[in-house]
Each structure stands twice: as structure tokens, then as C-alpha cells.
**Student:** 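My structure is below; once you've seen it, I'll send some questions.
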Amino acid sequence: MQIILMHSRFTQAKSVTLSTRHVVYAVIGFVILMALSGALMATLTLRLASADLPILRNILPATTSSPLSGDLNAKDRYVKENLTAMAVKLGEMQAQLMRLDALGERVQGLAGVKPEEFNFKESPGRGGPEITAAPSQELNIAELQAALDAFQKDVDHRSDYLNVVETNLMGFKIQSKLLPTIQPVNVAYNASGFGWRLDPFTGHNAFHEGIDFPAPTGTPIVAAAGGVVIAAEFHPQFGNMIEIDHGGELITRYAHTSKVYVKLGDIVKRGQHIADIGSTGRSTGSHLHFEVRIKDVPQDPNKFLTAGANQAKLAALKQK
């Protein structure tokens, strides 16, 4: 092959003769140059990738990263995300346990259990022999998450259960306060009991619908239970009379009083001073005529007062 070179600076044309060997050398040199350039670019790319440049991460495809490093990063993200979720759930459960402790203390108080017998602020003692025959198994993240979920459900169920128990105990406590179980006058005996007797005015056999508590005029009379005053008036037979409605069609009647300290519609508390003993109405002397009526049917007040005395004795024994 002959190549003719012409230029204005040349006085005459020059010619270069290339043989087949020259062409082969030129091609081999070009191939070597391209291989060296590729190796240089690959080396430069790997060094830049190890530097973890953000701009390079955006340019290079994801396949340039090592598969092993990608797996490790994915595992780290998985562990961090699960730990964050479990930490949030643990915080919620701690708040629920604090609420359960407060609820348990209220239920304990309503049930009359001594604080030292069931202390919610202290962890219960636990123990036992160490069993080393079976190999110990560590929980993985999935099993730990499942255990937390199960514990969360258990806490929710116990919270619902304690709420129901508290509601029932509160209802029983309110109901017990609405029953006439405390003696309305502080005296040691009654002069006339419930049932048939000889009438003190006529001497005929008559049914006595209450209990008579003799005491000096002016002796305080207290409400045998909480309720609403439905009568505070003068009655020809009962004199100055008070009637208190305790709900459930149960009322108590306080008769022959000298002074009345409540009026119609007042809400009275258990043990509240409502009147003083007197001898008004059909009476032979100063005393309190006390009645308990359910659906306007007279009941023996001693049944309620005896139950109240037994409850007081039981409460005193629990405090010792």
C-alpha cells in the first residue's frame, strides 16, 4: 500500500509505502491501547465507588454494588425498622400497665383488700431450679414480635376484665350505701320491736310496723342510708315525719321528731344528721319510730341493721 502526502510546505509530493506487516502492527497497537484505556477506566470507577460518593450512586447502576454488602444493608434496615416498631409498642404497653396498676389499686380498695397483701407497685417474687438438660433457644425478631403481640392482647383483655370488675364493685358499694344498715339513733336497745303487740293507747292487739328507739328529746337522728327526701312534714299519727327514698322502691320513715333539718327534695348522705328525737304526734314519750318499707310493705328493720353491724365487725377485723 502506497500513501502520497501533499502539503504547501512540501516542495514536492512525498509517498509512504505501507506493507501488510505495518497494518497488522497498527491494528495490534490500537487494540492494546483500547484495552489499557478500559482497564484504567475500570480501576478509576472502582476507586470512586469505594469512596461512596452520592453523585456516583445516582449515576452507576445498582448492579455495581457487591451483593453481599447489599444483603447486609437490607438486614440492617430490617432490624432497625423492627426495633423501632417494637420500641413504640413497648412504650404503649408500659402506659397500659401503669393504667392497669392504677385500676388494680382502685379495685383493691373497693374489694377491701389491704394494700400490703396485694401491692401493685412491686414485682411479684419468682424463682425455681435451673433446667439445663434442654438447649436454650434464643428468640428471633419474628418470634419476639409475636410474643409482644400476644402480650398486648393479654393486657387488653385484663384491662377490660378489671374495668368490668370495678364497675360491679362500684355498683355493689353504692347499693350497699343505699341500704338502711346503720342504726339511726345511738342507743343500746329498742322499746318496741317489729310485729304484733298491745297498742299503748287502746290496749288492743295491733301490728307495729317499725322499731321504737327511746332517747331524750334532742338526741340526734341520722339517715340510715343515702337517698332523697320525699316527705318532711307533720303527720297526725307520726308527728314531725321524714321519709327518704333509697331507690328500688325502698324507703325509710323517721317519726315523732322534735326538729327536722331537711326538706323535700334534699339529697342526704348515709349517717347525715336529719332530725332530733321528740314526742310529736301519737306518742307516749320521746322516742324515734323507725320504719323500712319496700313497695309500701313494712319490713323488719332489724334484718338491715343486723347486716350492717356484721359488715362493720368484718371491716374492723380486716383492719387488724
**Student:** Go through it in stages, so that I can follow the logic: the residues are Thr181 and Arg270, the test is side chain to side chain contact (heavy atoms under 4.5 Å, CB included), and I'd like the CA-CA distance, side-chain angles, deciding distance and then a yes or no.
**Tutor:** CA-CA 9 Å; Thr181 53; Arg270 178 188 182 90; 2.4 Å; yes
**Student:** What distance do Asp276 atom CG and Thr257 atom OG1 have between them, rounded to the nearest 0.5 Å?
**Tutor:** 8.0 Å
**Student:** Only counting residues at least two apart or in another chain, list the ones meeting side chain to side chain donor-acceptor pair (under 3.5 Å) with His235.
**Tutor:** none
**Student:** Applying the 4.5 Å side-chain criterion to the ILVMFWY set and letting contacts propagate, would Met241 and Val292 be lumped into a single cluster?
**Tutor:**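 Unlinked, Met241 and Val292 end up in two clusters.
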**Student:** Distance check, rounded to the nearest 0.5 Å: Phe213 atom CZ versus Asn186 atom CG?
**Tutor:** 10.5 Å
**Student:** Just jot down the ring pair (Phe, Tyr, Trp, His ring centres under 6.0 Å) partners of Phe194, sequence neighbours excluded, or say none.
**Tutor:** Phe207
**Student:** Under the side chain to side chain contact (heavy atoms under 4.5 Å, CB included) test, which residues partner Phe201, sequence neighbours left out?
**Tutor:**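 Checked Phe201 against side chain to side chain contact (heavy atoms under 4.5 Å, CB included); matches are Asp199, Arg282, Thr284.
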**Student:** Is Thr280 reaching over with its side chain to a backbone N or O of Asn240, donor-acceptor style, under 3.5 angstrom?
**Tutor:**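 Answer holds: yes.
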**Student:** Which value, rounded to the nearest 0.5 Å, describes the distance between Leu198 atom CG and His208 atom NE2?
**Tutor:** 12.5 Å
**Student:** Applying the side-chain contact (heavy atoms from CB on, under 4.5 Å) criterion to Pro184, which one of Leu288, Ile274, Thr252 satisfies it?
**Tutor:** Leu288
**Student:** What closest approach, in Å, do Ser283 and Ser279 show between heavy atoms, and which atom pair accounts for it?
**Tutor:**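 Heavy-atom minimum between the residues: OG-OG, 3.0 Å.
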**Student:** Measure across His246 and Gly226 and return the closest heavy-atom pair with its distance rounded to 0.1 Å.
**Tutor:**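 For His246 versus Gly226, the nearest heavy atoms are ND1-O, 2.7 Å.
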**Student:** Quick one, Asp212 and Arg197 - any side-chain contact, counting heavy atoms below 4.5 Å?
**Tutor:** yes
**Student:** Going by ring pair (Phe, Tyr, Trp, His ring centres under 6.0 Å), name the residues that satisfy it together with Phe234, two or more places apart in sequence or in a different chain.
**Tutor:** none
**Student:** Just by distance, do the side chain of Ser258 and the backbone of Ile277 share a donor-acceptor pair under 3.5 Å?
**Tutor:**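 Checked: pair present.
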**Student:** Below 4.5 Å, heavy atoms only, C-beta onward: do Val262 and Gln272 meet side chain to side chain?
**Tutor:** yes
**Student:** Just by modelled atom types, is the Ile244 backbone N or O under 3.5 Å from a matching donor or acceptor in the Tyr254 side chain?
**Tutor:** no
**Student:** Spell out, as yes or no, whether a donor-acceptor pair under 3.5 Å connects the side chain of Ser286 to the backbone of Ala215.
**Tutor:**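 It does hold such a pair.
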**Student:** Please round to the nearest 0.5 Å and tell me the distance separating atom CG of Leu305 and atom NZ of Lys303.
**Tutor:** 11.5 Å
**Student:** Should Asp266 and Lys263 count as an ion pair when the cut-off is N to O under 4.0 Å?
**Tutor:**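 Yes.
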**Student:** Determine whether more than 12 heavy atoms belonging to other residues, nucleotides or ligands lie under 6.0 Å from atom CD1 of Ile267.
**Tutor:**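 Count not over threshold, so no.
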**Student:** Between Ile211 and Phe304, is there shared hydrophobic-cluster membership here, with clusters defined by ILVMFWY side-chain heavy atoms closer than 4.5 Å?
**Tutor:** yes
**Student:** Mind listing the closest non-hydrogen atom pair of Ala224 and Phe290 along with its distance?
**Tutor:**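 For Ala224 versus Phe290, the nearest heavy atoms are CB-CZ, 3.8 Å.
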**Student:** State plainly whether one hydrophobic cluster holds both Leu250 and Val268, where clusters connect Ile, Leu, Val, Met, Phe, Trp and Tyr through side-chain heavy atoms under 4.5 angstrom apart.
**Tutor:**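 In one cluster with Leu250: Val268, yes.
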**Student:** Enumerate the side chain to side chain donor-acceptor pair (under 3.5 Å) contacts for residues 290-299, please, sequence neighbours excluded, ordered by first and then second residue.
**Tutor:** Glu209-Arg293, Arg253-Glu291, His289-Glu291, Glu291-Arg293, Arg293-Asp296
**Student:** Sequence neighbours left out, what passes ring pair (Phe, Tyr, Trp, His ring centres under 6.0 Å) with His287? Give chain and number order.
**Tutor:** His256
**Student:** Is there a chain of hydrophobic side chains (I, L, V, M, F, W, Y, each step under 4.5 Å between heavy atoms) that links Ile242 to Ile182?
**Tutor:**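 Result: no, two separate clusters.
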